[in-house]
Each structure stands twice: as C-alpha cells, then as structure tokens.
S.K.: 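There's a structure below that I have some questions on.
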Number of protein chains: 2
Amino acid sequence: MSVGNGLGDNSVIEQVGLNISSAMGRNLTYGMLDMLGKAIVTGQYDNQVFPTEAELAKKYEVSRSVVREAVKMLGAKGLLTARPRKGTTIQSTDRWNLFDIDVLRWLLDRKFSLNVLRQFTELREAIEPAAAALAASAHSSEGLAAIKAGFTRMEAAERDEDDPLEADIAFHIAILQASDNPFYAQFRDVVTTALRTSIRFTNRFKGRTASLPQHKAVLNAIANRRPSEAKAAMAALIADVMALIADAERSG
Amino acid sequence: MSVGNGLGDNSVIEQVGLNISSAMGRNLTYGMLDMLGKAIVTGQYDNQVFPTEAELAKKYEVSRSVVREAVKMLGAKGLLTARPRKGTTIQSTDRWNLFDIDVLRWLLDRKFSLNVLRQFTELREAIEPAAAALAASAHSSEGLAAIKAGFTRMEAAERDEDDPLEADIAFHIAILQASDNPFYAQFRDVVTTALRTSIRFTNRFKGRTASLPQHKAVLNAIANRRPSEAKAAMAALIADVMALIADAERSG
DNA sequence: GATTGCACAATTATATGATAATACATACAA
DNA sequence: TTGTATGTATTATCATATAATTGTGCAATC
C-alpha cells in the first residue's frame, strides 16, 4: 500500500509509515493517543492545519475507528475539537486540561523548562500548606499512619535504604489524601508526575535529601492537630524548593 | 424494533428506548457522553455490572461507534475503563478527574451537593488568595483592566443593570488569569461551573449581592501591587462564602 | 489432590464500506 | 449588496465482519 499521497513526503518516517504497534500503549488506540498528544503538545502541528481523520489513518496505518477514538479522547482532555466540514483543530492552550496526567506528562516531557517547574511550584505553595492544615484538623488514624510511613521511608532513604524521590512523594501524597477533601486529593497524580519529572533538575543541585527536620515539623504539627502550625511548616518547606528553582533560573 | 431484551424492564423509559437525539448535545456521541456521565456520577450503576457496549447500543438505540467513542471520552475523564472479556467498568471515584468541567458539573447537578460545594470552597480558600497575590505582583495592564471591568460589572449589577452572578464570576476569573500562571488560570472553567451551580444554594439565604467593599479591597490591593494585602482581602472574601455554606449545612 | 495446559466463550479492539449531517465556499439571482 | 441555491469536504453515524484478549472450566498430568 503506497503512501506517496499529495501530502508531501518530508521525512523518512513518513515514507515508511509510522508503525504505532501496541508497544506504545496497551493497544493501537492508546498508542495513537500518546503519539498525537505528544506531537500536539510539542508543537509539531503549530504552523499547519491539523490532518483529517482519513489522513491520519493513512499516515499511521490504522483504521479510522482508531483515529476517531484517539481524537475523541484528546478532545476530552481539551487538546482537540472536531467539526464536520471544518476538520479537526487544536484548541488554544488555555483549554488544555493541565491537571490531566497525560497532558501534564507530555508537557513536562518536552524540552523541560524551569519556567513550568516554577509555575507548578507556585501552585504547590498554595495547595500543600492548605492541605496540611486540613490534614491536621481532619486526619483519620489511617491518614496519619500513611504520613508517618512516608516520613519513615524518607529516613530510610537517608540511610540509602529507600528511594529518596519515591519516599518524598509518598509523604506529600499522604498529606494530600489525609486532607479528606477530594479536590486536594486530586492533586495526587499531578504532584507525583511533576515531581518525578522535575527530579532531574533538583537532583542537580543539592546532593538531594529534602530536609528531614522540616518534614518532621510538618508531621508533628499534623499529628498534634495544629492546623496553622502545619500550614506554616509546609509553606516553609516549599519555599525552600522555590528558592532552589529561583537560584537555578538566575544561574541558567 | 422491539426492546424487550433480557435486561429487565424496570422503567417506562427503558421500554420505549432512551432516545438521546442530538438535542442533548451537539450530536449523538456528546448526548451519550452526558447521559452516561451523569448516570455514573449519580450512582445509577452502583450495585450492578456496567453494561457492555452492545447492551448500551441497544438500550439507547445508537450504533456501537457512538457508544465506544462516548466510553472512550469517559475513560479520558477517569470515569471508566474497558478491557476485553472483562467489559467496561466504573473506576473508583479517586480516579475521576474532578477538574474536568463535565465531571464537576455532573457532580454538582446531583442532589445533596452542599458537601461538594463546601469541599470546593475549601479549595478556593487556597487558590484564590494565592492567585490574587500573584496577580498583584505580576499583572499586566490588560489583566488589571479585566479585573476592573469585572468590578464595574458588579457595581452595575448592584443597580440591577447586570447579572450579579456573571459579574461576580468575571471578577474572580479575571484575577485567576491575571496571575500569569497557567495552573491558576486553569481553574477558570472550574470556578465558573461551580459558582454557576452553587448559586442555587447561596441565593436561598441573602438577597445575595457579594460584598462590594470587600471586592473593592481586593481590586485596590492588586492595582497597587500589594501581594500580601491582596491575599488577605481575597481570603476574607472567601471566608464569608464559607460561612454561608457552613450556615446552610447546619440549617439543612 | 494440586497444578498445568488447553479449548471455549465473552467482550473489547480493529477494519472497512456505506450513508447522513454539517457547514464552508462559490456561483448565481434579486 | 444581500440573499439563495448548490456543490463539496469533512466529520458523524451505522452496519457488519474479523481479530485480539483474557476469564472460566475442563481435562490431562504429575
């Protein structure tokens, strides 16, 4: 099945046909989702009209069903919109659902920008202290146990007996969950994704190890049900992260 | 085409067949999305296995393509997941993307959502003061102009020359946008949806009219580039909203 | 009796082709 | 200039067929 259509063959890949194969996802549709999503977010379609269903199907050698379902999912995430006769078009970036983990991952996978990391940390400065305060007043015994477990893992990581990043994440996630507010808990995957990606950066500076005493202060305040203390402790902790980023922005 | 299949005919509607018709959305697929999403969120499938594609297609009298594309969208929003042989299943609520405006709308549309409204306002208590602070230090001239415009609309609404709810929304949205941080700006649609829905509740008590002086304090602080003042003013404003909700929760 | 392997079946996944609906663009008419 | 008809490109919908996946149960084996 030849591919030399009228679209212009500007790359070897295009000539051969982009073989998605379910290696890229759990099936063709999810492979397509990931490939298109990444392409859109990285701006590969910026100065051209987005292809039609038929063109995408031909280019990626999949059926129109696969294309349509992937496009529908990208629509649900705010990246695309489709209209008869008009075609499929990329929505303006302010319509993108940044709290969708796929979108966030695509965003962070691209040429990583300190700017995005800073903006994200600005959000954490609002969310996490508030979550800590809520956790202090509302936590269940299991919630507190999870926070403690996270801290214990951080101590273990200090002794090289656990992964420091995963321990750190576990601690922060546990607090979000302990807030007993689904909107705060919602940031779980977002914080995880963003931290996991940003570690490349922050690792570069310190020998790592997020400050254990600061984390302990947060833990204690929550355990003793002191909301404003927990809030302040968490705010201090994230302020340090922010200072690190500001440093990096200055030094380039 | 008879519908008396083996699914059990427990309602008149089901006997006749649920006619989606594109009146429910811009087309059949979006109608299906809305109908299924609402049904899932309101718990209509809670104690039963979720229907298969074929069953849904028959029940709603649409083709499998329509069902599949709607299901894919609901999957992208975190509500559903599908596996061969296993069928389509509802994901646990902590996987639902609460910052998707459709999901949020379905959540708020259901009865007894005062609790959700309170939890959402707890989030606003963190987000909006921080956004106001950022807006105070980072706002552009257009950003400030939009905030002023929102306030002007609120003044007009006071004189019955504008819709008070829409004016209030415009003010808060403008601040989120002026923060110049896409993660904060992201809350635009969420805040809009939530406020628009919540008006039913808050309307019940006072003649409503969000406090004009309080909003003016926020505006002035931002205009004069005083972040901490803006933050405090906004926090006071939302604390009042929260008090209103707490009142409602007490009185039922 | 427990484990392993195989056949079967249910369900989603994919492909294909046909027709309908939508709405942009153009030409033509008033 | 405005309105109207018509052609046409694209998504929307339907129908049907086949493939892939995987849980279930039965049989074979140890």
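Here is how names work: the chains are called A, B, and so on, in the same order as the sequence lines, proteins then strands, and each is numbered from 1. Values below: all heavy atoms of this structure, side chains included; hydrogens, waters and symmetry mates excluded.
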S.K.: Whole-Å distance between dC14(D) P and Lys58(B) NZ?
M.R.: 16 Å
S.K.: Hey, does the side chain of Thr88(A) come within less than 4.0 Å of dT10(D)'s phosphate (OP1/OP2), counting only N and O?
M.R.: no
S.K.: Return the residues of residues 66-78 of chain A meeting this criterion: a heavy atom under 4.0 Å from some atom of DNA chain D. Order them by number, or give none.
M.R.: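 Close to the strand are Arg68(A), Lys72(A).
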S.K.: Roughly how far, to the nearest 0.5 Å, is the CG atom of Asp168(A) from the CG atom of Leu165(A)?
M.R.: 7.0 Å
S.K.: Expressed as a whole number of angstroms, how long is the span from Arg26(A):CZ to dT22(D):P?
M.R.: 10 Å
S.K.: Distances for protein N/O vs nucleotides 23-27 of chain C N/O pairs under 3.5 angstrom?
M.R.:
residue	atom	partner	partner atom	Å
dC24(C)	O4'	Arg85(A)	NE	3.4
dC24(C)	O2	Arg85(A)	NH2	3.4

S.K.: Taking only the side-chain heavy atoms of Ser63(B) (C-beta and beyond), determine which of dT12(C), dT11(D), dT13(D) contains the nearest atom.
M.R.: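 For Ser63(B), the side-chain atoms sit closest to dT13(D).
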S.K.: How long is the straight-line distance from CD of Gln119(A) back to OH of Tyr184(B), given to the nearest 0.5 Å?
M.R.: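 Between Tyr184(B) OH and Gln119(A) CD, I get 11.0 Å after rounding to 0.5 Å.
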S.K.: Find the distance Leu80(B):CG to dT12(C):C1' and express it as a whole number of Å.
M.R.: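 For the pair Leu80(B) CG and dT12(C) C1', the rounded distance is 13 Å.
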S.K.: In a check of side-chain contact (heavy atoms from CB on, under 4.5 Å) between Leu36(B) and each of Val41(B), Leu56(B), Thr88(B), which one passes?
M.R.: Leu56(B)
S.K.: State whether the number of non-hydrogen atoms from other residues, nucleotides or ligands found under 6.0 Å of Arg95(B) atom CZ is greater than 12.
M.R.: no
S.K.: Under 3.5 Å, side-chain donor or acceptor atoms of residues 66-78 of chain A against the rest of the protein: list the pairs with distances, not counting sequence neighbours.
M.R.:
residue	atom	partner	partner atom	Å
Arg68(A)	NE	Glu69(B)	OE2	2.9
Arg68(A)	NH1	Glu53(A)	OE2	2.4
Arg68(A)	NH2	Glu69(B)	OE1	3.0
Glu69(A)	OE1	Arg68(B)	NH2	3.0
Glu69(A)	OE1	Lys72(B)	NZ	3.4
Glu69(A)	OE2	Arg68(B)	NE	2.9
Lys72(A)	NZ	Glu69(B)	OE1	3.4
Lys77(A)	NZ	Asp100(A)	OD1	3.1
Lys77(A)	NZ	Asp100(A)	OD2	2.7
Lys77(A)	NZ	Asp102(A)	OD2	3.0

S.K.: Of the candidate nucleotides dA12(D), dT14(C), dA13(C), which contains the atom at the shortest distance from the side chain of Leu28(A)?
M.R.: dT14(C)
S.K.: The side chain of Ser65(B) is closest to which nucleotide in this list: dC14(D), dA15(C), dT12(C)?
M.R.: dC14(D)
S.K.: Indicate yes or no for a side-chain donor-acceptor contact from Ser140(A) to the backbone of Gly143(A) under 3.5 Å, with no hydrogens or angles considered.
M.R.: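 Yes; judged by distance alone, with no hydrogens or angles, the pair exists.
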S.K.: Side chains of Ser179(A) and Asn181(A): donor-acceptor distance under 3.5 Å anywhere?
M.R.: no
S.K.: Grab the OH-C1' distance between Tyr30(B) and dT22(C) for me, whole Å please.
M.R.: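 Going from Tyr30(B) (OH) to dT22(C) (C1'), I get 15 Å.
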S.K.: What is the ring orientation for Phe99(B) with Phe99(A), classed by angle as parallel under 30°, tilted 30 to 60°, or perpendicular over 60°?
M.R.: tilted
S.K.: Using whole Å, what does the distance between atom P of nucleotide dT13(D) and atom CD of Glu61(B) come to?
M.R.: 15 Å
S.K.: Under 4.0 Å from OP1 or OP2 of dA9(D): is there any side-chain N or O of Thr52(A) that close?
M.R.: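 Checking dA9(D) against Thr52(A), no side-chain N or O comes under 4.0 Å of OP1 or OP2.
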S.K.: Just how far, in rounded Å, is C1' of dT11(D) from CG of Asn27(B)?
M.R.: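 Computing the Asn27(B):CG to dT11(D):C1' distance gives 9 Å.
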S.K.: Between dT12(C) atom C1' and Leu56(B) atom CG, what is the distance in whole Å?
M.R.: 13 Å
S.K.: Starting the side chain at C-beta, find the nucleotide from dG17(C), dT14(C), dT10(D) nearest to Arg64(A).
M.R.: dG17(C)
S.K.: Would Asp94(A) and Arg188(B) pass as an ion pair if we require N to O under 4.0 Å?
M.R.: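 Counted as a salt bridge, because a side-chain N and a carboxylate O are separated by less than 4.0 Å.
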